[in-house]
Amino acid sequence: HTMDAENKKGSAGQEAPVLTVTTQMERKDYRRFLYLATFCRNRIIIPLLFVVSAIGALAVSYSEGGVHWSGFIGAFGIYCVLCFGAVALMVEFRNRQHAKTEGGSFGQKQVYEFYGDRLVTYADSTPERAALRYEQMYRVLESRRYLVFYCMANLAFLLRREDVTGEEWRQLTQLLQQAMGKRYRRV
């Protein structure tokens with residue numbers, strides 16, 4: 001999972017990208033990304049939170065006479081709120097920490113060049129480029145608002161749908177679905 005550095009934009013002999021998109025991440029995008037990454041990256045997270053809530057509710061509502069179902073349902077609701085609330089608080093804490101340490105990176109334009117076999121990305125303010133072959137990518141998630149590219153399990157970047165036209169979005173998602181196979185997922 002390494003990125004190849006290219007130092008020049010548009011070096012001679014290089015094929016033209018299939019699609020080039022310029023995007024930027026705002027504070028609201030980062031917050032949404034954190035929730036998406038927390039709850040949707042792995043399909044087991046939400047069911048696991050329900051199972052933990054059910055186990056807690058069962059433990060509280062069980063007595064020698066059996067399970068008190070009304071107590072179970074009430075406790076299950078409370079534990080669901082507590083479990084999902086605890087995870088949401090962790091996301092909000094991470095969002096605030098990022099805003100304090102990375103405050104200057106919001107609003108910076110990022111350019112993505114999509115080729116048949118790789119993605120090249122760079123900040124429009126720097127000449128340095130990073131290239132990543134699709135087979136090197138860990139996963140790509142498509143949500144209603146974003147495409148999230150996972151270079152590794154815990155390293156990702158995103159492309160906002162609002163920065164891509166409808167036809168370009170369709171073309172891009174087709175390219176990525178073909179290149180990524182099962183590692184491309186809609187959430």
Side-chain angles (χ1 to χ4, degrees), residues 1-9 14 17-49 86-164 168-169 172-187:
H1 300 317
T2 59
M3 289 191 202
D4 303 320
E6 296 176 20
N7 291 331
K8 291 185 176 180
K9 291 184 189 177
Q14 188 178 34
V18 174
L19 182 66
T20 301
V21 178
T22 302
T23 191
Q24 63 186 15
M25 186 186 311
E26 301 296 336
R27 289 183 193 277
K28 66 180 169 106
D29 297 314
Y30 184 72
R31 183 172 184 256
R32 289 175 182 158
F33 161 72
L34 285 176
Y35 277 100
L36 183 67
T38 301
F39 288 108
C40 299
R41 178 178 51 182
N42 192 332
R43 292 181 181 181
I44 192 92
I45 297 299
I46 292 174
L48 183 64
L49 291 174
V87 174
L89 282 173
M90 287 178 11
V91 169
E92 292 299 326
F93 178 73
R94 185 183 275 167
N95 184 38
R96 286 181 190 228
Q97 289 299 102
H98 186 269
K100 288 179 184 175
T101 59
E102 299 290 330
S105 67
F106 292 117
Q108 185 178 41
K109 294 192 185 292
Q110 188 73 21
V111 179
Y112 296 106
E113 294 177 347
F114 296 93
Y115 295 86
D117 63 341
R118 70 191 179 284
L119 166 64
V120 176
T121 184
Y122 56 92
D124 72 346
S125 60
T126 65
E128 293 181 13
R129 299 173 142 212
L132 186 65
R133 294 194 165 289
Y134 297 128
E135 66 261 10
Q136 292 176 303
M137 284 189 197
Y138 178 74
R139 179 175 292 141
V140 173
L141 296 180
E142 176 189 348
S143 75
R144 192 167 43 102
R145 291 185 172 125
Y146 306 105
L147 276 173
V148 181
F149 302 92
Y150 283 92
C151 303
M152 294 182 279
N154 292 318
L155 176 62
F157 50 94
L158 71 107
L159 171 66
R160 298 185 314 177
R161 187 173 190 159
E162 68 187 61
D163 296 327
V164 184
E168 288 174 335
W169 185 265
L172 177 57
T173 55
Q174 277 184 335
L175 170 73
L176 292 170
Q177 286 172 0
Q178 289 173 349
M180 298 296 294
K182 291 181 180 181
R183 294 174 295 137
Y184 184 95
R185 188 165 50 110
R186 286 189 176 102
V187 292

Look up atom [atom1] in [X] and atom [atom2] in [Y], then write down how far apart they are to the nearest 0.5 Å.
{"X": "Glu113", "Y": "Thr121", "atom1": "CD", "atom2": "OG1", "answer": "8.5 Å"}
{"X": "Leu34", "Y": "Asp29", "atom1": "CG", "atom2": "CG", "answer": "11.0 Å"}
{"X": "Phe149", "Y": "Leu141", "atom1": "CZ", "atom2": "CG", "answer": "10.5 Å"}
{"X": "Leu158", "Y": "Asp163", "atom1": "CG", "atom2": "CG", "answer": "9.5 Å"}
{"X": "Gln136", "Y": "Met152", "atom1": "CD", "atom2": "CE", "answer": "11.0 Å"}
{"X": "Leu176", "Y": "Gln178", "atom1": "CG", "atom2": "CD", "answer": "9.5 Å"}

Of all heavy-atom pairs between [X] and [Y], which one has the smallest distance, and what is that distance?
{"X": "Cys151", "Y": "Leu132", "result": "SG-CD2, 3.7 Å"}
{"X": "Arg161", "Y": "Arg144", "result": "CD-O, 3.3 Å"}
{"X": "Val148", "Y": "Ala156", "result": "CG1-CB, 3.9 Å"}
{"X": "Tyr150", "Y": "Ala37", "result": "OH-CB, 3.4 Å"}

4.5 Å side-chain heavy-atom contact, [X] and [Y]:
{"X": "Tyr184", "Y": "Leu147", "result": "yes"}
{"X": "Val120", "Y": "Pro17", "result": "no"}
{"X": "Tyr146", "Y": "Met25", "result": "no"}
{"X": "Leu159", "Y": "Leu172", "result": "yes"}
{"X": "Arg160", "Y": "Gln24", "result": "yes"}
{"X": "Arg186", "Y": "Gln177", "result": "yes"}
{"X": "Leu49", "Y": "Phe39", "result": "yes"}
{"X": "Glu92", "Y": "Tyr35", "result": "yes"}

**Prompt:** Where the side chain of Arg183 meets the backbone of Met137, is there a donor-acceptor pair that is under 3.5 Å apart?
**Reply:** yes

**Asked** Is it true that Lys28 and Glu26 have a side-chain N and a carboxylate O under 4.0 angstrom from each other?
**Response**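 The answer is no: the pair does not qualify as a salt bridge.
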
**Pairing residues for Tyr134 by the side chain to side chain donor-acceptor pair (under 3.5 Å) criterion, not counting sequence neighbours** = none

**Working for side chain to side chain contact (heavy atoms under 4.5 Å, CB included), residues Glu168 and Phe114** = CA-CA 11 Å; Glu168 288 174 335; Phe114 296 93; over 6 Å; no

**Request:** Step through the shown structure and confirm whether more than 12 heavy atoms of other residues, nucleotides or ligands are within 6.0 Å of CZ on Arg139.
**Result:** yes

**Request:** Verify whether one side chain among Tyr112 and Gln110 offers a donor that lies under 3.5 Å from an acceptor in the other.
**Result:** no

